Enquirer: 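Structure in structure tokens, see below.
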Amino acid sequence: MRKKIVAGNWKMNTLPAEGIKLAKEVISKSGKVPGEVELIIIPPFTHLTEIAKLTSGTRVGVGTQNCAQWKSGAYTGEVSAAMIQALGAGYVIIGHSERREYFGETSTQLLEKIRIALEHQLTPIYCCGEKLIEREAGNHFAVVKQQIEESLFPLEANEMASVVIAYEPVWAIGTGKTATSDQAQEMHQHIRQLLIQRYGAELANEISILYGGSCKPSNAAEIFSKPDVDGGLIGGASLVADDFIAIAKSF
Ligand code: PEP
């Protein structure tokens, strides 16, 4: 059985006190979510120490929005996988479209980040997804295939088994424009087929593929009802505890 996962990417939002309040609210309301759904909150680095202490021993996991591709050293401004692991986080988002777009992250770099995250027992949540112009040109399947092939397929099967994928069409992120559940399903199915070809059906069927892009309480149930959608990576709606919890209850 694949894991059902709902992860909240807070991005560069909340001051520490606000983030701590939000984390406490999510933890206190997490009992309303069916036990088989994995809940993850992903705050800014600045709140990680405090929030990791709060989530410790609860059913809520914690992750970060990025990690460096290097182990340690003279990389001003970077945060290593070892530092993240030492604070008790279990997950790291890698390859979010905002990092690809604003920080020029390349597929080679993302592969290095995934590898270093795995070496430190962090679960990478690897994001892929096409831009509007690519979808309009009919290239969306090819774009996502390339993102998967370049940053995931060099991994061995035992490494791939620990990766979570998030399909996030760039045109749906923070825009209020959600992919239809059919659009999400056909891309998730496409990704799973690619995984089957590379790693075989047994492993491919164990990998959770999340949908991300303007997911909210009003549309989550429809999207999560699709057979290849195993949960969501939630941006804006994860900043409101009740909305985040309502989304996680939507399976
Ligand atoms: C995201 O940034 O991963 C995301 C899905 O954002 P939003 O839910 O706000 O579209």
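These numbers come from a predicted model, not from an experiment. Values below: every heavy atom of this structure, side chains too, minus hydrogens, waters and symmetry copies. Ligands are counted one by one from 1 in listed order, and the atoms in each one are counted from 1 as well.
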Enquirer: Using the side-chain hydrogen bond (donor to acceptor under 3.5 Å, both in side chains) definition, which of the options Glu119, His120, Gln121 pairs with Gln85?
Expert: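 One option only clears the test, and that one is Gln121.
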
Enquirer: Which of the atoms in ligand 1, numbered in the order shown and given with their element, are less than 4.0 Å from a heavy-atom of Gly213?
Expert: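 So the atoms of ligand 1 that pass are 5 (C), 10 (O).
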
Enquirer: Which ligand 1 atoms are under 4.0 Å away from a heavy-atom of Ala172?
Expert: 10 (O)

Enquirer: Within a distance under 4.0 Å of any heavy atom of Gly212, pick out the atoms of ligand 1 and give their elements.
Expert: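 This gives 5 (C) as the contact atoms.
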
Enquirer: Look at the aromatic rings of Phe251 and Phe224 and report parallel, tilted or perpendicular, splitting at 30° and 60°.
Expert: parallel

Enquirer: Give the other cluster members for Ile42, using side-chain heavy-atom distances under 4.5 Å between Ile, Leu, Val, Met, Phe, Trp and Tyr residues; answer none if it is isolated.
Expert: Ile5, Ile40, Tyr91, Ile93, Ile125, Val164, Leu210, Leu233

Enquirer: Examine distances only and state if a side-chain atom of Arg192 and a backbone atom of Asp228 form a donor-acceptor pair shorter than 3.5 Å.
Expert: yes

Enquirer: My understanding is that only one of Glu130, Glu134, His140, Glu136 makes a side-chain hydrogen bond (donor to acceptor under 3.5 Å, both in side chains) with Trp171; could you say which?
Expert: Glu130

Enquirer: Grouping I, L, V, M, F, W and Y whenever their side-chain heavy atoms are under 4.5 Å apart, do Leu118 and Met83 come out in a common cluster?
Expert: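 In one cluster with Leu118: Met83, yes.
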
Enquirer: Note the single closest protein heavy atom to atom 8 (O) of ligand 1, along with its residue, its atom name and the distance in Å.
Expert: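 For this ligand atom, the closest protein heavy atom is Gly235 N, 2.8 Å.
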
Enquirer: Consider ligand 1: state whether an atom of it lies below 4.0 angstrom from any non-hydrogen atom of Ala237.
Expert: no

Enquirer: Under a 4.0 angstrom heavy-atom cut-off, which atoms of ligand 1 come close to Gly174?
Expert: 7 (P), 9 (O), 10 (O)

Enquirer: Using heavy atoms and a 4.0 Å limit, tell me yes or no: is Lys216 in contact with ligand 1?
Expert: no

Enquirer: Quick one: look at Ser238 and ligand 1, take heavy-atom pairs under 4.0 Å, and tell me if it's side chain, backbone, both or neither.
Expert: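 Within the 4.0 Å criterion, Ser238 makes no contact with ligand 1.
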
Enquirer: Give a yes/no on ligand 1: does Cys127 have at least one heavy atom closer than 4.0 angstrom to it?
Expert: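 Distance cut 4.0 Å: Cys127 fails for ligand 1.
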
Enquirer: Report the part of Asn9 in contact with ligand 1, treating N, CA, C, O as backbone and CB onward as side chain, heavy atoms under 4.0 Å; options are side chain, backbone, both, neither.
Expert: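 Contact part for Asn9 vs ligand 1: side chain (C-beta onward).
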
Enquirer: Look at atom 3 (O) of ligand 1 and say which protein heavy atom is nearest, naming residue and atom and giving the distance to 0.1 Å.
Expert: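 Result: Glu168 OE2, 2.6 Å.
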
Enquirer: Give the residue, atom name and distance (to 0.1 Å) of the protein heavy atom nearest atom 1 (C) of ligand 1.
Expert: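 Looking at atom 1 (C) of ligand 1, the protein heavy atom closest to it is His96 NE2, 3.2 Å.
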
Enquirer: Aromatic rings Tyr167 and His188: how do their planes relate, parallel, tilted or perpendicular, breaks at 30° and 60°?
Expert: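 Tyr167 and His188: perpendicular rings.
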
Enquirer: Report, in ascending order of atom number, the atoms of ligand 1 lying under 4.0 Å from any heavy atom of Lys11.
Expert: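 By the 4.0 Å cutoff, the relevant atoms are 1 (C), 2 (O), 6 (O).
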
Enquirer: Calculate, to the nearest 0.5 Å, the distance between atoms CD and CG belonging to Glu105 and Leu110 respectively.
Expert: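 Answer rounded to 0.5 Å: 5.5 Å.
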
Enquirer: I'd like to know if the side chain of Arg135 reaches the main chain of Val170, judged simply by a donor and an acceptor atom lying under 3.5 Å from each other, with no hydrogens or angles considered.
Expert: no

Enquirer: Would you check whether Thr175 has a nitrogen or oxygen atom less than 3.5 angstrom from a nitrogen or oxygen atom of ligand 1?
Expert: no

Enquirer: Hey, does the side chain of His47 reach the backbone of Thr14 with a donor-acceptor pair shorter than 3.5 angstrom?
Expert: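 Looks like yes, one N/O pair under 3.5 Å.
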
Enquirer: So for ligand 1, is Leu233 a polar contact partner (N or O within less than 3.5 Å, distance only)?
Expert: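 No: no nitrogen or oxygen of Leu233 is under 3.5 Å from one in ligand 1.
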
Enquirer: Give me the residue, atom name and distance of the protein heavy atom closest to atom 9 (O) of ligand 1.
Expert: Gly236 N, 2.8 Å

